[in-house]
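Read through the structure below, which is laid out as structure tokens, and then see the notes.
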There are 2 protein chains.
Amino acid sequence: MTRAPGHAIRPKTFHAIVEAAIRLLNSNVDATMSEVARAAGVGRATLHRHFRTKADLLRAVGACCIEEMNAAVRAVDDAGMPASDRLYAMLRTVIPLGDRYAFLQFDTSGDEILRAGYQAQLDWTTALVEELKTEGAIGQDVPTRWAVAEIDQLIWVAWTAVSEWGLSPDDTATLAQRTLLRGLGTFPLDTGQSA
Amino acid sequence: MTRAPGHAIRPKTFHAIVEAAIRLLNSNVDATMSEVARAAGVGRATLHRHFRTKADLLRAVGACCIEEMNAAVRAVDDAGMPASDRLYAMLRTVIPLGDRYAFLQFDTSGDEILRAGYQAQLDWTTALVEELKTEGAIGQDVPTRWAVAEIDQLIWVAWTAVSEWGLSPDDTATLAQRTLLRGLGTFPLDTGQSA
DNA sequence: CAAGTATGAGACATTTGTGTCTCATTTCGT
DNA sequence: ACGAAATGAGACACAAATGTCTCATACTTG
């Protein structure tokens with residue numbers, strides 16, 4: 001990214017910086033370069049040596065996180081599965097990762113690379129929604145963008161449920177999927193048990 | 001709030017500052033005091049005279065907005081109505097107001113007054129959810145907090161739909177209510193018209 | 001109209017974060 | 001172990017934002 005010629009970075013240093021930045025950014029989006037350096041146990045000069053500006057650091061860390069997240073989804077995704085199962089698999093995978101990636105929500109840099117990574121997520125979700133529509137799990141009358149946006153938001157709600165309310169990732173993913181596809185209402189068809 | 005003794009504020013000045021702050025904060029959460037003053041057509045000294053610190057300004061503006069929002073909901077709320085109608089009324093009212101109040105989403109001040117105002121909203125929504133549960137519109141098995149959080153988030157999704165995608169507030173509120181209570185899925189009971 | 005007072009303009013000190021640079025020290029590869 | 005190179009510590013310049021203050025001007029009220 002911003003490699004000075006004659007200044008390679010040691011993997012250990014790089015890792016320490018990125019991990020510290022992620023940890024710090026999730027507790028305070030406005031973390032300073034000094035704070036990141038201190039948290040990484042690294043000199044401020046070293047930090048600036050490898051990420052010349054703060055924008056460079058945020059871009060690198062953000063891109064790294066988005067890529068991780070996309071990779072995690074790809075790892076559990078199987079185009080052969082029913083779309084509703086793919087939805088569940090994605091939710092189950094992504095929800096517990098919120099602790100690590102929550103700061104991405106507040107990115108206002110407008111950086112092109114982050115934008116592209118986020119767009120890749122949206123594209124994936126869009127394709128999934130289209131498939132859910134084909135399967136009849138989502139109504140044809142629902143605007144695809146609407147469904148995509150709701151899925152996106154619900155991930156954060158679910159993450160809150162896990163991290164702050166102590167719900168299990170399994171239960172939460174199930175609840176999220178149910179909420180998305182069938183809403184919060186009772187199920188009149190199931191057994192007639194509901195009022 | 002931060003009235004110096006012997007320095008009353010002219011209503012026009014106060015109004016100009018608050019409106020400029022709202023407008024500016026919605027396009028950039030990190031707007032500076034100078035920018036607010038300039039946008040308000042007011043001297044920087046005057047701004048500081050009435051809101052000594054930036055925190056004072058944000059608190060005042062935020063509290064003002066939350067109060068406006070709560071008042072708008074109260075104005076269309078009728079405890080005698082069915083809860084699902086009250087939900088719709090709230091959504092229909094709040095969604096178009098997003099342009100004005102979106103910046104509140106990004107408040108990280110942790111201010112007590114804002115916290116209290118936001119809590120009041122949550123309390124209102126919580127009571128509504130309880131009622132929806134009683135009516136059977138929301139399943140007893142759904143955690144109330146979950147429902148409240150989803151309603152909260154969906155308002156922002158809906159606001160995006162109106163402001164960026166050009167959906168009508170009526171359609172969007174209907175879509176939001178349907179999404180909440182019955183999900184994005186097709187309606188097997190309705191008429192069989194859906195695929 | 002006249003007095004009182006809110007306002008505008010701008011200077012000022014302070015603080016905080018950023019980014020650069022140097023040099024001694026430590027670490028790593030050969 | 002030796003030499004190259006990455007690192008740490010700290011000084012430095014710089015920019016931007018905050019908050020204070022003064023004084024002349026414009027407005028409002030009685």
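Convention: sequence-line order gives letters A, B, ...; per-chain numbering from 1. None of these values were measured; they are calculated from a predicted model.
- In this structure, OG1 on Thr126(B) lies 8.5 Å from CD1 on Ile151(B), to the nearest 0.5 angstrom.
- When Leu87(A), Val73(A), Asp123(A), Ile138(A) are each tested for a side-chain contact (heavy atoms from CB on, under 4.5 Å) with Leu128(A), only one passes: Leu87(A).
- Relative to the side chain of His48(A), the nucleotides dG19(C), dT5(C), dT22(C) differ in distance, and dG19(C) lies closest.
- Side-chain contact check for Ser168(B) and Asp170(B): no donor-acceptor pair (N or O, by modelled atom type) lies under 3.5 Å.
- Proximity note for Ala45(A) (side chain, C-beta onward) versus dG10(D), dA6(D), dT7(D): the nearest is dG10(D).
- Ion pairing between a basic and an acidic side chain is recognised when a charged N comes within 4.0 Å of a carboxylate O; Arg59(B) and Asp56(B) show such pairing.
- A salt bridge links Glu19(B) with Arg100(B): the closest approach of a Lys/Arg side-chain nitrogen to an acidic carboxylate oxygen falls below 4.0 angstrom.
- Comparing dT22(C), dT7(C), dG19(C) by their closest approach to the side chain of His50(B) singles out dT7(C).
- With respect to Glu35(A) and Arg44(A), no salt bridge is recorded, no charged nitrogen being found less than 4.0 Å from a carboxylate O.
- In this model, the phosphate group of dT20(D) is approached by a side-chain N or O of Arg52(B) to a distance below 4.0 Å at OP1 or OP2.
- An OP1 or OP2 oxygen of dT7(C) is reached within less than 4.0 angstrom by a side-chain nitrogen or oxygen of Thr13(B).
- DNA chain C is contacted by no residue of residues 28-38 of chain B, taking any non-hydrogen atom closer than 4.0 Å.
- In this structure, the side chains of Asp141(A) and Arg178(B) come closer than 4.5 Å at one or more pairs of heavy atoms.
- Sequence order on DNA chain D of the closest nucleotides to Leu47(A) and Arg44(A) puts Leu47(A) first from the 5' end.
- Stem regions annotated for DNA chain C: C:1-30 with D:1-30, counting only runs of 3 or more consecutive pairs of Watson-Crick or G-U type with both contacts under 3.5 Å.
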